[in-house]
Engineer: 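Provided herewith is a single structure, encoded as structure tokens, for subsequent inquiry.
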Amino acid sequence: MFWRMTGLSAASPVDTILDKENFTLEELLDEDEIIQECKALNTRLINFLRDKAQVSQLLRYIVEEVPEDSEKKQSFKFPFIACEIFACEIDIILRTLVEDVELMDLLFSFIKPDHPHSTLLAGYFSKVVICLMLRKTAPLMNYVQEHPDIVVQLVDLIGITSIMEVLVRLIGADETIYLNFADTLHWLENTYVLEMIVDKFSSSDSPEVHANAAEILSAVTRCAPPALAAKICSPSFVGRLFHHALDESRPKSVLVHSLSVCISLLDPKRLASVSYQAFRSNLTHGTLVTASPETVDGILESLGDLLKLLDITSSQNVFPTTYGCLCPPLGKHRLKIVEFISVLLTIGSEIAEKKLISQSVIKHCIDLFFQYPYNNFLHHHVENIIVSCLEVKRNQLIDHILNDCGLVGKVLAAEKSSSLAVESNGPTLPSEGKEPPRIGNIGHITRIANKLIQFGNSNSMIQSHLQENSEWAVWQIDVLIKRNEVENVYHWACGRPTSLHDRGRDSDDDDFRDRDYDVAALTNNMSQAFRFGIYRNDDIEEAQGSHERDDEDVYFDDESAEVVISSLCLGDDQDSSLFTNSNWFTFDGDRGINDRLAASVPPSSPDSEAISLNTENTDEALTGETTGGTESLRESASLANELAEVANDNDADATDGEKILCTEEDSQASEGPVDAKEDKTGGASKAANESVPDNALPESHHTDCRCADSSESGTEEDVEIDDEKKSETAMTNE
């Protein structure tokens, strides 16, 4: 490459250091270009770094804490550079590491209990280990299998997020690690890694530990080896999880994160993105955990104790808000329980539905919906509960929603008193001395009412229940229908232009309205227009010559065109767009080009050379000719009259000379004067017309001149030539 050619570029600072007789690793680490040289596979540098002593020193910067009085570059720069050298994934350096047991022991000494665990160094350690998992999977897994205490030590440090990421990949719960190394995971069947992770809910009070433990278990539910997948969905494992969650002596974070794992067990797709699902379909080593009947049974065994936590009467906590106060607040654990119930209803288990009906769980959730009118998270989950009950089309569940829970009556009661009640025994209380605010769940109430009407069209039980309630019918006509019309975005004249554009489109209209102007394409078209679009008639050499002369003047480079295009206002209003009524980038063949060339380029015809010669002769004879519009027109008209008078006199002389015309006629003698005369008459008149510039005459003058030329040449041409021959012959004889 250019910058590698000798004499044209300065030597690399790294090479300068390597040229020294005595240099240290610290000198190289202190050089800013060492990472670029590693990526460029500098042979001398790699041969130096591959040495065991150098790899050992790099690992010490990663796993060992430096004294507090050390320089900053030893505390921050050198560990970072050392980590990045391993992250360059140079095979010979990684091979030196994984093939040496002492170096591997030094690397994993970071996770020993008696070792300080800095968060910064934990990140570097995690990056190096994950790099080995990707590039040296088999040697690394063999080392971990030979040292089972590594898994225990990683679980003990699960509170550090970087260590948690290593553990997730180590147990095969990551989609990018073991695509081709499924056989390396068989040893996990004999370990108790999942049980050790679950036990962290009881052995630690740190919320970070609980959150990371739940993250690992949820990752296992999404993508796990078959052995771990079978273990995590077993009733014994679920019972063990709920045992820690329902322990009253444990913090509420244990309950919240334990329920997150249960939600992942019931519906693993909730936490998997679309891109992940597309990738997971190609995996062969992992299986997606589905909720088996045994898993549901294990969950339902502890459901009664779980639902007791929804009771808010025993709590006396007060939480002040902008609109009043909450006594008590809902809390994360109650919100997570409601979310768990909404997911439990989506699996379609009749046993779970009967259990929820018998314990009035759904009724309690609907009561919370109206007791906490400003908790939108709660409203979302309760709405999902109601929709799930209506969608299953089981009469027992629908009857429980409509009659036992009194859903329609509670909706109508909330609509009557749309403001927060002042005298209420509920947990949400307004501020004293202020006007009660409007309740915040009207939107979800409207959605639930519309869902009732929608499902009522296909379910006779729902429809009959709504028709029997006369108050509902009146509210539906007077309030709900009008509200839906107001909130229908397709009827809005403003506020939702995107929605309005989407209404009533077809595929062609979508292509027209949703087109995105390609700035690069427009730039290229503009450049072509200024360079080659003006002259396209290859037969006109004069036009080509002028184009070549002016090419530098009209040159419009791509950068300038892009600036112009980018500065244009390309709004959504296509009718007012700058490109709607413009022909900047549309070329309609040679028609438009020829129209532009018609006024400036003489026509290509056999008589064009003679006409141009006569024009030059006439211009030489006409002295004092100006380019002014009026004077030029008058001089041209007077010249045409004089020529006409000369022609008439010649016609008269030719008539008198016919009587003495000789029979012998010299064709050569008459041919020359005829051509000369023809040049005098026709050529001079055309020169007079063409001598007037285009910019000095209106369009009508051009039309008149063309009509006069065509009539003169079309009707009197033959007669005039015969008369001229006769007159010239007579004059010669005289």
Engineer: Tell me, do Leu335 and Leu378 make a side-chain contact under 4.5 Å, heavy atoms counted?
Structural biologist: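 They are in side-chain contact.
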Engineer: Any side-chain to backbone donor/acceptor pair from Thr346 onto Val343? Under 3.5 Å, distance only.
Structural biologist: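 It does hold such a pair.
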Engineer: Looking at Arg222 and Glu215, is there a salt bridge between them, counting it only when a charged N and a carboxylate O are closer than 4.0 Å?
Structural biologist: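 Judged by the 4.0 Å cut-off on N to carboxylate O distance, Glu215 and Arg222 do form a salt bridge.
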Engineer: Report the distance from atom CG of Asn450 to atom CD1 of Ile481, rounding to the nearest 0.5 Å.
Structural biologist: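 Nearest 0.5 Å value for the CG-CD1 distance: 10.0 Å.
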Engineer: Could you grab the distance from atom CZ of Phe201 to atom NE2 of His257, nearest 0.5 Å is fine?
Structural biologist: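 Here the interatomic distance stands at 7.5 Å.
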Engineer: Between atom CD of Glu339 and atom CG of Leu344, what is the distance when rounded to the nearest 0.5 Å?
Structural biologist: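 Reported value, rounded in 0.5 Å steps: 12.5 Å.
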Engineer: Test side-chain contact (heavy atoms from CB on, under 4.5 Å) on Phe340 and Leu303; report intermediate values, then the result.
Structural biologist: CA-CA 11 Å; Phe340 169 73; Leu303 186 62; 4.1 Å; yes
Engineer: Determine yes or no for a side-chain-to-main-chain donor-acceptor pair under 3.5 angstrom, with Thr428 supplying the side chain and Gln371 the backbone.
Structural biologist: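 Judged by distance alone, yes, a pair lies under 3.5 Å.
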Engineer: So, do Val238 and Leu265 sit near enough that their side-chain heavy atoms are less than 4.5 Å apart?
Structural biologist: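 Touching, per the 4.5 Å side-chain cut-off.
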Engineer: Under the 3.5 angstrom rule, does the side chain of Arg334 hit a backbone N or O of Pro329 as a donor-acceptor pair?
Structural biologist: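 Checking the backbone N and O of Pro329 against the side chain of Arg334, a donor-acceptor pair under 3.5 Å is found.
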Engineer: Can you check side-chain contact (heavy atoms from CB on, under 4.5 Å) on Gln454 and Leu390, steps first, answer last?
Structural biologist: CA-CA 10 Å; Gln454 177 184 350; Leu390 298 177; over 6 Å; no
Engineer: Are any side-chain N or O atoms of Asn317 and backbone N or O atoms of Pro328, one a donor and one an acceptor, separated by less than 3.5 Å?
Structural biologist: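 No, the answer is negative, given that no donor and acceptor are paired below the 3.5 Å cut-off.
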Engineer: Could you check Val318 against Leu326 for side-chain contact (heavy atoms from CB on, under 4.5 Å), going step by step and ending with a plain yes or no?
Structural biologist: CA-CA 6 Å; Val318 178; Leu326 294 174; over 6 Å; no
Engineer: Does Tyr143, at its OH atom, have more than 12 non-hydrogen atoms belonging to other residues, nucleotides or ligands within less than 6.0 Å?
Structural biologist: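 Yes, the 6.0 Å shell around OH holds more than 12 heavy atoms from other groups.
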Engineer: Are side-chain heavy atoms of Tyr372 and Asn441 found at a separation under 4.5 Å?
Structural biologist: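 No, too far: nothing below the 4.5 Å cut-off.
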Engineer: Indicate yes or no for a side-chain donor-acceptor contact from His379 to the backbone of Gly443 under 3.5 Å, with no hydrogens or angles considered.
Structural biologist: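 A pair under 3.5 Å: no.
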Engineer: Tell me, yes or no, whether the heavy-atom count around His243 atom NE2, taken from other residues, nucleotides or ligands under 6.0 Å, exceeds 12.
Structural biologist: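 For His243, atom NE2 is not crowded (no more than 12 foreign heavy atoms under 6.0 Å).
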Engineer: For the residue pair Phe108 and Phe125, does the interplanar ring angle fall in the parallel (under 30°), tilted (30 to 60°) or perpendicular (over 60°) class?
Structural biologist: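 Ring orientation of Phe108 relative to Phe125: perpendicular.
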Engineer: Pick one: which of Ser260, Ser253, Ser258, Ser204 meets side chain to side chain donor-acceptor pair (under 3.5 Å) with His210?
Structural biologist: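 With His210 as partner, Ser260, Ser253, Ser258, Ser204 yield a single side chain to side chain donor-acceptor pair (under 3.5 Å), made by Ser253.
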Engineer: Just by distance, do the side chain of Ser388 and the backbone of Asn384 share a donor-acceptor pair under 3.5 Å?
Structural biologist: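 Side chain of Ser388 to backbone of Asn384, a donor-acceptor pair under 3.5 Å: yes, one is there.
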Engineer: State the CZ-NE2 distance between Arg250 and His244, to the nearest 0.5 angstrom.
Structural biologist: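 Between atom CZ of Arg250 and atom NE2 of His244 there are 9.0 Å.
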Engineer: Side chain of Ser218, backbone of Ser264: donor and acceptor closer than 3.5 Å?
Structural biologist: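 Not a single qualifying donor-acceptor pair exists.
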Engineer: Would you indicate whether Asn425, at its atom CG, is surrounded by more than 12 heavy atoms from other residues, nucleotides or ligands within a distance under 6.0 Å?
Structural biologist: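 No.
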Engineer: How many angstroms lie between atom CG of Leu167 and atom CD1 of Ile216, to the nearest 0.5 angstrom?
Structural biologist: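 Spacing of CG (Leu167) from CD1 (Ile216) equals 4.0 Å.
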Engineer: Given side chains that start at C-beta, do those of Phe242 and Leu259 come closer than 4.5 Å, heavy atoms only?
Structural biologist: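 Yes, close enough: below the 4.5 Å cut-off.
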Engineer: For Ala245 and Val254, work out which heavy atoms get closest and say how close.
Structural biologist: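 Residues Ala245 and Val254, closest heavy atoms: CA-CG1, 4.0 Å.
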Engineer: Check whether any side-chain heavy atom of Leu59 sits under 4.5 Å from a side-chain heavy atom of Phe86, and report yes or no.
Structural biologist: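 Of all side-chain heavy-atom pairs linking Phe86 with Leu59, at least one is under 4.5 Å.
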Engineer: If you count every heavy atom of other residues, nucleotides or ligands that lies below 6.0 Å from Ile442 atom CD1, does the total exceed 12?
Structural biologist: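 Atom CD1 in Ile442 is packed in, count exceeds 12.
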Engineer: Are the side chains of Ile171 and Thr191 in contact, using a 4.5 Å heavy-atom criterion?
Structural biologist: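 Answer no - side chains too far apart.
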Engineer: Using modelled atom types and a 3.5 Å cut-off, is there a donor and acceptor pairing between side-chain atoms of His400 and backbone atoms of Cys405?
Structural biologist: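 No: the side chain of His400 does not pair with the backbone of Cys405.
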Engineer: Determine, for Arg394 against Glu350, whether the closest basic-nitrogen to carboxylate-oxygen distance falls under 4.0 angstrom.
Structural biologist: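 Salt bridge between Arg394 and Glu350, a charged N being under 4.0 Å from a carboxylate O: yes.
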Engineer: Quick one: are Leu310 and Ile341 in side-chain contact, heavy atoms under 4.5 Å?
Structural biologist: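 A side-chain contact under 4.5 Å exists here.
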Engineer: Taking atom NE2 of His465 and atom CD1 of Ile401, what is their separation to the nearest 0.5 Å?
Structural biologist: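 Spacing of NE2 (His465) from CD1 (Ile401) equals 11.0 Å.
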Engineer: Determine whether Phe369 and Ile448 satisfy the following criterion, side-chain contact (heavy atoms from CB on, under 4.5 Å), listing intermediate values before the conclusion.
Structural biologist: CA-CA 12 Å; Phe369 178 89; Ile448 293 173; 4.1 Å; yes
Engineer: Is it the case that the side chains of Asn403 and Asp399 hold a donor-acceptor pair, with the cut-off being a distance below 3.5 Å and no angle test?
Structural biologist: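 Short answer, yes.
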Engineer: Do Met104 and Leu97 have side-chain heavy atoms sitting under 4.5 Å apart?
Structural biologist: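 Yes - at least one pair of side-chain heavy atoms lies under 4.5 Å apart.
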